[in-house]
Amino acid sequence: MGYGMSRLEDEYYEPEVQETDGSSSVKVNDEFPKLHNDIFHMTRMRSGLSESIYKSMGTNRGIISTAKLLSGREVDCSGKGMFSSGDRAFVLGRYVPMNGPEFLDRMDSRAYVSQFSADGTLFVAGFQGSHIRIYDVDRGWIVHKDIHARSLRWTISDVSLSPDQRYLVYSSLAPIIHIVNVGNAARESYANVTDIHDGLDFSQHEDVQYAFGIFSVKFSSDGRELVAGSNDESIYVYDLHANKLTLRLPAHTSDVNTVAFADESGHLIYSGSDDTLCKVWDRRCLSTGQAAGVLTGHLHGITHIDSHGDGRSFISNGKDQAIKLWDIRKMMSNADSCADGAPTWDYRYSRYPKHHQQLKHPHDQSLATYRGHSVLRTLIRCYFSPAYSTGQKYIYTGSYDSNVYIYDVVSGSQVAKLNGHQMAIRDCSWHPIEPTLVSSSWDGRVAKWTSARDEDASDVD
């Protein structure tokens, strides 16, 4: 189960340690210098300067100021007339969103979902009190669409925008996902009063035996399908063009809290569950009903998965207070020999036991582990930073202690800790192009963080 059961005003969490210097301190992970893997190498390449830049600047590897890089581009030192994608990510990746918070909105119920659209022009926030708001980012964050959800159970558990940004789906702890046309002109969308919220029934399958709730839903890259994870231990795939459920997989032995497509092909699906396992499903070979592979390493349930988009790497957030980085080439065919875990603990009712913090899974297949944030009472989400502006060199996550944490993928260092909310941050989203991050919290606030305006002043030589 992913949600605590108290109201917004019932409890405010105070961090045990309050930082006095804002949020810019860097905490180093000493274990990472010994780690070597393909994704670290690719991250360095995609977020670092090209050899042609170093040669054209006549300098060896080291710090090159942003001003020098920009002036070199203007006079076309590299002979290419523009930055490569790695050069661009190197420059923009210096501008981490740490300046804030600027509060954009406040509702009288907990915020559960934060999402930028793929092009960054829209932002979606989902609240427990049956509200979903879509903001027009380019028009001063005015409310583009105010959606009043239909047949809500407990909270908005997830939302997903279609790739063409015409439709939005939302789920709650019910087997029906609703789809709304957000491309029309009406600002207010009351379910089946001013707007039609079509219900997609995921329980219409011969193997479904009881009602269930949906924790996670995602559009495919072509907008034709939805994949969903539920608390009946299953994964569902719905064909929107055929308007029918096409697949139900009894995927885990506990709640499936998170699902994600591995890449644009849609062939591979990642899933994470309270049974502590991450699984990989290949839709081209599901005749046996078995996962293509299993990845072990978390000691407690998985709360969220984000794909790197390369079809083989992803990260997962866990109730063991850790984010783990995975390469599916290390997966096994089953987890029978890796069933060892930590003693039973329920994250809804108590803090993580201190004596668990040093425990390690005896068959951990993850590439790296990132710690510092807290995962309690709700399904805290984690993500890779955008490819365009950072080369995915960072991992960021919400946290129960009311902060957003940003980690360096390669070094494991805590790059930033964004402090400004009063309650748990379940979700946050980094703008796909600009150095802007928006967080939504159980305090009902939606907050924006930007890069410091004078951040590059010390870099000019």
Side-chain angles (χ1 to χ4, degrees), residues 113 115 117-118 122 124 126 132 134 145 147 149-153 156-184 189 191-192 195-252 256-271 279-292 305 307 309 311:
V113 182
Q115 279 185 25
S117 61
L122 300 176
V124 182
I132 302 167
I134 303 178
K145 182 78 71 174
I147 300 170
R150 174 188 179 192
S151 304
L152 190 72
R153 288 189 184 175
I156 301 290
S157 58
D158 204 2
V159 304
S160 183
L161 269 174
S162 63
D164 61 9
Q165 298 176 193
R166 292 180 57 197
Y167 298 96
L168 177 139
V169 294
Y170 62 86
S171 64
S172 68
L173 302 190
I176 297 177
I177 289 177
H178 291 93
I179 185 166
V180 188
N181 185 343
V182 298
N184 58 36
S189 178
N192 296 353
D195 211 352
I196 298 298
H197 293 202
D198 286 327
L200 311 176
D201 192 348
F202 280 59
S203 66
Q204 297 301 308
H205 191 281
E206 59 185 10
D207 293 333
V208 173
Q209 299 179 358
Y210 59 91
F212 57 87
I214 292 173
F215 287 139
S216 177
V217 59
K218 299 289 183 295
F219 269 100
S220 60
S221 61
D222 60 8
R224 296 177 61 92
E225 294 182 310
L226 297 173
V227 62
S230 74
N231 66 352
D232 72 340
E233 307 172 359
S234 301
I235 296 171
Y236 292 86
V237 176
Y238 197 99
D239 187 320
L240 292 169
H241 282 224
N243 194 27
K244 66 177 183 179
L245 191 71
T246 57
L247 180 66
R248 177 184 181 265
L249 285 171
H252 289 268
V256 180
N257 295 324
T258 177
V259 289
F261 285 105
D263 56 22
E264 293 185 353
S265 72
H267 295 315
L268 296 181
I269 295 171
Y270 302 142
S271 64
K279 292 188 177 182
V280 181
W281 304 88
D282 191 334
R283 298 172 63 193
R284 295 163 295 188
C285 49
L286 284 176
S287 58
T288 63
Q290 298 298 311
I305 281 175
S307 174

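- Between the side chain of S162 and the backbone N or O of Y167, at least one donor-acceptor pair lies under 3.5 Å.
- The ring of H267 has its center no closer than 6.0 angstrom to the ring center of F261.
- A donor-acceptor pair shorter than 3.5 Å can be found between the side chains of H241 and R224.
- Annotation for K145 and D195: closest pair NZ-OD2, 4.4 Å, computed over non-hydrogen atoms.
- Taking E225 as the reference, R283 meet the side-chain hydrogen bond (donor to acceptor under 3.5 Å, both in side chains) condition, with sequence neighbours excluded.
- Between Y236 and F212, the ring center distance clears the sub-6.0 Å criterion.
- Classified by interplanar angle (parallel below 30°, tilted 30° to 60°, perpendicular above 60°), the ring pair Y170/H178 is parallel.
- Remark: D232 engages R248 in a salt bridge, criterion side-chain N to carboxylate O under 4.0 Å.
- Nearest heavy atoms, G199 versus I176: CA-CG2, 3.7 Å.
- With hydrogens and angles disregarded, a donor-acceptor distance shorter than 3.5 Å links the side chain of K279 to the backbone of A251.
- A donor-acceptor pair under 3.5 Å is absent between the side-chain atoms of D263 and the main chain of G309, judged by distance alone.
- Scanning both residues, L152 and S172, for their nearest heavy atoms gives CD1-CB, 3.5 Å.
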